[in-house]
Amino acid sequence: MAAYYAKLQIRWDSASFERNWSAFENYEICVNGQAVDVLCLSHDDVACYIRDLHVEPAWQGRGLGTEAVHYATGIAKESGIRTLRLRVFEGNPAVSLYERLGFRIVKSEDDTHYMQWMLSPQVVPE
């Protein structure tokens with residue numbers, strides 16, 4: 001993500017990151033004991049928000065991002081939430097991943113896409 005921050009001339013705010021880190025639900029995805037992915041979530045009564053999803057460059061393109069989004073979807077559904085939202089920088093290749101999974105751009109502003117996915121209700125077996 002540092003490359004996107006630099007390209008858009010956005011200054012990284014470590015203090016803000018630390019505050020948010022303690023407020024969000026944070027998950028690491030590990031492969032062979034090595035952390036290769038981080039997923040940060042929050043939710044309210046309206047939606048589950050993917051606040052951060054970062055896959056280490058060497059591990060990109062192997063389905064870990066897809067699995068992380070599916071994990072977030074499961075958490076949302078378990079909480080009775082049917083809307084998943086995120087923000088992503090324009091030009092980030094992850095936009096196509098999110099669109100393929102079901103997200104749609106609902107707004108673009110200041111080099112950022114605001115995306116949303118309306119999840120289908122869980123079907124409960126009889």
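Throughout, numbering of the chain's residues begins at 1 and tracks the sequence.
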Peer 1: Working to the nearest 0.5 angstrom, can you tell me the gap between E109 CD and E90 CD?
Peer 2: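 That separation rounds to 10.5 Å.
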Peer 1: Might you point out which heavy atoms bring V46 and I81 nearest each other, and give the distance in Å?
Peer 2: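 Minimum heavy-atom contact is O-CG2, 4.0 Å.
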Peer 1: Do I50 and L84 have side chains that approach each other closer than 4.5 Å (heavy atoms only, starting at C-beta)?
Peer 2: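 Touching, per the 4.5 Å side-chain cut-off.
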Peer 1: Is any side-chain heavy atom of Y27 closer than 4.5 Å to a side-chain heavy atom of I29?
Peer 2: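 No. Closest side-chain heavy atoms not under 4.5 Å.
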Peer 1: How close do L119 and A76 get, heavy atom to heavy atom, and via which atoms?
Peer 2: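 It is CD1-CB, 3.9 Å.
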Peer 1: Tell me every residue that passes side chain to side chain donor-acceptor pair (under 3.5 Å) with E99, counting only those two or more places apart in sequence or in another chain.
Peer 2: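 For E99, no residue satisfies side chain to side chain donor-acceptor pair (under 3.5 Å) once neighbours in sequence are set aside.
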Peer 1: Give me each pair satisfying side-chain hydrogen bond (donor to acceptor under 3.5 Å, both in side chains) with a member in residues 32-43, each pair once, sequence neighbours excluded.
Peer 2: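 side-chain hydrogen bond (donor to acceptor under 3.5 Å, both in side chains) check on residues 32-43 returns E25-H43, S42-R51.
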Peer 1: Quick check: is L53 connected to I105 through a chain of hydrophobic side chains (ILVMFWY, heavy atoms under 4.5 Å apart)?
Peer 2: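 In one cluster: yes.
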Peer 1: Mind checking what makes side chain to side chain donor-acceptor pair (under 3.5 Å) contact with D44, not counting sequence neighbours?
Peer 2: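 For D44, the residues satisfying side chain to side chain donor-acceptor pair (under 3.5 Å) (neighbours in sequence not counted) are Y49.
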Peer 1: Working to the nearest 0.5 Å, report the span between CG of N92 and CG of L97.
Peer 2: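 Output value for this atom pair is 9.5 Å.
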Peer 1: Return a table of donor-acceptor pairs under 3.5 angstrom between the side chains of residues 57-75 and protein atoms on other chains or two or more places apart.
Peer 2:
from, atom 1, to, atom 2, distance (Å)
Q60, NE2, V55, O, 2.8
R62, NH2, A58, O, 3.4
T66, OG1, R100, NH2, 3.3
T73, OG1, V69, O, 2.9

Peer 1: Measure the NZ-SG distance between K77 and C48 for me, rounded to the nearest 0.5 Å.
Peer 2: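 K77 NZ to C48 SG: 12.0 Å, rounded to 0.5 Å.
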Peer 1: Grab the two heavy atoms, one from M115 and one from V95, that are nearest each other, plus how far apart they are.
Peer 2: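 Closest approach of M115 to V95, heavy atoms only: CE-O, 4.2 Å.
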Peer 1: Look up atom CD in Q116 and atom CG in L86, then write down how far apart they are to the nearest 0.5 Å.
Peer 2: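 Reported value, rounded in 0.5 Å steps: 10.0 Å.
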Peer 1: Taking only residues two or more places apart in sequence, or in another chain, which ones meet F103 in a ring-ring contact (aromatic ring centres under 6.0 Å, His included)?
Peer 2: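 F103: ring-ring contact (aromatic ring centres under 6.0 Å, His included) contacts with Y98, W117.
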Peer 1: Residues two or more places apart in sequence or in another chain: which of them pass side chain to side chain donor-acceptor pair (under 3.5 Å) with T83?
Peer 2: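 Here no residue qualifies.
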Peer 1: Do you know which two heavy atoms are closest between A47 and R85, and how far apart they sit?
Peer 2: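 Answer, listing the atom of A47 first, then R85: CB-CD, 3.9 Å.
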Peer 1: Does any non-hydrogen side-chain atom of D52 lie less than 4.5 Å from one of L39?
Peer 2: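 No; the side chains remain at least 4.5 Å from each other.
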